[in-house]
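First comes the structure, then the notes that go with it.
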Amino acid sequence: MKDTAPQTIYLKDYTPFGFVVESVHLTFDLSPNATRVTSRIAFAPNPEATDHKFFLHGEELTLIKAAIDGQPVTPEITDEGLTCPVPDASFVWECEVEIDPQGNTALEGLYMSNGMYCTQCEAEGFRKITYYPDRPDVMSVFTVEIKGPHPVLLSNGNPQVQGEGHAIWHDPWPKPAYLFALVAGELVAHSDSFATCSGKTVDLNLYVRAGDEGKCAFGMEALKKSMKWDEEVYGREYDLDVFNIVAVDDFNMGAMENKGLNVFNSSAVLASPETATDANFERIEAIIAHEYFHNWTGNRITCRDWFQLCLKEGLTVYRDSQFTSDLRSAPVKRISDVIELRARQFPEDQGPLAHPVRPESFQEINNFYTATVYEKGAEVIGMLKRLVGDADYARALDLYFARHDGQACTIEDWLQVFEDVTGRDLTQFKRWYSQAGTPRLSVREEWNDGTYTLHFAQSLAASASTSDPQPQVIPISLGLLGPNGDEVHATETLELTEATQSFAFEGLAAKPIPSILRGFSAPVVLDREVDTAERAFLLAYDTDPFNRWEAGRALARETLMNMATSGAPAGADYLDGMLAVLRDADLDPAYRALMLGQPSQSELAAALAEAGTTPDPDAIWQASETLALTMAQHAQDVLPRILAECRVDGPYRPDPDQTSKRALGARALSLVTRLDGGTQAAAQYSAADNMTLQLSALGCLLAAGKGSEEVAAFYDQWQDDRLVIDKWFGMQIVQAAPDKAAAVAETLTEHPDFNWKNPNRFRATLGALVMNHAGFHAADGSGYRLLANWLIRLDPVNPQTTARMCSAFQTWRRYDSDRQSKIATELERIAGAPDLSPDTTEMVSRIRDA
Ligand code: BES
Ligand code: ZN
């Protein structure tokens, strides 16, 4: 047991490690409860360091023996690692430890999943495998020998020896320990190959459990597309003879970019038409791209320390979003990303967990793989590209790869290449990395004799990590429309750098209608008094697809807020505007589907709280239901035509064209279900030959309070497929009526298939409860209580997943005092659980103390 109080680590305290690691040799003798790990590591004094104390991280290791230059030594050991006197010159460290993969339920370090050995080392898991300077700025060349009775033995790099029960791998590229990986098991390979731009052939393998071979083809195609795209768009070629991906069932995250050996949560790579939805296929394509792209942005160039996490994650998210935009629809991808940003990052940035994109301190780094580091980190790169332009962005990236290949870098290094290429001073821009919070942008307009002036003011609320906020550089892409709907001023990007600043447009014949923040050019909240007519106008005429959607979204939000607070019915501007979009067969169905989607109930709760009204989850739910019914009635005549238009003939393909149709079809079906009580949904369910149609039909039925037969049939059909059964757990809870959601979730936690130690199943169940906004926030506190009970139970088994799920409580101060006090009670209860992990302790105390 650890007896240490949580320690805070500060960015300002960074110092280089006292030694360089010239090479690492590891030998693994695999055994479920007693794996032996032998290491031989060549150290040399680091000329760049001033402190030459020899400290190696190590946790939960049993030291068997240690030697320096062949002489046995007895290091001083603590919970965190070891120290030992060492020579003043180069030396070889050898040590043997024993670890217990089978007993490792935290899924960090070397662990077992369904009989297979697997590792997860990012961020600080390697120290649970052997003693090592487990920090990303210590990079070395690894050779790994594996002994074990398994047909497949994998590690990073290229294979050197592969025989029965024995393999040796060598990775020629220096890397930090967090990119180390080892996999051993009875796995089968789906293989292919890729010819790189310089003519090298790379062997590609996707390793899965027997029985999953039929779910590999799509992931493999996505990998080849990613490899090609990175060559064409970023000029990045792959750099090893093999690229291996392994699917594992027990995994805390989505996937991990270990050098040459990516490890994937099976939910993030396995897919077949019968078992995966269109959304699953899209996610798989994006996540394969993301991990592959890390090979250059993360692996070849890595982070100096974990404060620089956005250097690899923000950039790689940005890159995978470009990839998806290129392969699918760019507007649909942009809108989906902004929905996600507002749903996950804005609440974080405006609540107790707010932190800068580059944090300045942390206790547990695992708690900082956040929407802010990832999604806002990617937004910052998008802004930078918008400001410098595409050509200079490309030149800056080329310089970044040329200058920093093989290094562990900082945000300063990253910005420097842009300064060098463009001659710009990015000092002010850098505030996006250091200031927490979502800037608010207010706009006032003035019309005078042919001149139209926009007066902008930016503000940022002070917070714990940003006590004295300063103005940021905000790129505002903007266009102007004439009263007849013509664009009178094409998109231009203004640079707002002052707290208040005005921009004038001259020579206009009539007062224009502005389209501000096109493409969502900055992650800010736009404050502007706009009347319904103007929103309806933009919904009809804006040439920018993002802002056209945004106008509809704003109308929906205002409509729902009014309904939830005063019961006012939906107005014609919204209903007719939506109907026109729905009818417009020239618009991409996926885009129309997004238009038709309502803002989520938690987004509405946030909007109400922002407007100074305490959100009532039941009223918000009721408003959403009523609006859906009203819309269904309003669109009654066109819905059959839409459903027909969205029917797909021929075999299922998860391509943009079919996916788009099914997305709109699903929206239409959910409206139709409000009118026919589920007749057509039941028909779609029985006829479905793919999971997308089957699951959307089931969702409609459950939302209508029907579908008990289908729920039973679904289970019988899919009980042997763990990924489909995750959907079965989740759907019943997400679609439950608010007053039943916690009870449904609780009953499902008693189901024999509720393997709560499996992160996917835990999230499918308890995560689904949180997604049911009014159900989670049930006034009797049953939702809060159930989640807290399970978090307390999971924490000793898997602290990382527990800590991440605590964020469900981050918005608690929005709600009424009754709910607040119920949540406070649960937070108190979690905080008081015996031996609570440092991970969860940090999260609960940050959420509570706000
Ligand atoms: N490097 C991360 C995986 C990771 C996260 C390891 C946290 C350890 C702690 C990986 O590249 C990643 O970001 N994965 C994401 C998916 C991605 C598409 C954003 C994930 O796992 O959710
Ligand atoms: Zn990543």
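Just so it is clear, the model here is predicted, and its values are computed rather than measured. Numbering of ligands and ligand atoms starts at 1, following listing order. Hydrogens, waters and symmetry mates are skipped; everything else that's a heavy atom, side chains included, is used.
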### Query
When the ring centroid of Phe307 is compared with that of Tyr14, is the distance short of 6.0 Å?
no
### Query
What about Trp306 and Phe368, are their ring centers closer than 6.0 Å?
no
### Message
Using a strict threshold of under 4.0 Å (side-chain N to carboxylate O), is an ion pair present between Glu348 and Arg344?
### Response
no
### Between NZ on residue Lys225 and CG on residue Asp230, distance to nearest 0.5 Å
15.5 Å
#### Entry: Side-chain donor/acceptor of Glu842 to backbone N/O of Val844, under 3.5 Å
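Pair absent, no side-chain N/O of Glu842 close to backbone of Val844.
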### Check: Ala106 main-chain N/O paired with Asn104 side-chain donor or acceptor under 3.5 Å
yes
### Query
Would Glu257 count as a contact for the Zn ion (ligand 2), in the sense that one of its N, O or S atoms lies under 2.8 Å from it?
no
### Query
Any chance the side chains of Asp239 and Asn295 put a donor and an acceptor closer than 3.5 Å?
yes
### Query
Looking from the Zn ion (ligand 2), what is the angle between OE1 on Glu313 and NE2 on His290, to the nearest 10°?
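Reported to 10°, the angle equals 110°.
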### Task
Write down, by chain and number, every protein residue that brings a non-hydrogen atom to less than 4.0 Å from an atom of ligand 1.
Gln120, Glu122, Met253, Gly254, Ala255, Met256, Glu257, Ile287, His290, Glu291, His294, Lys312, Glu313, Tyr369, Tyr374
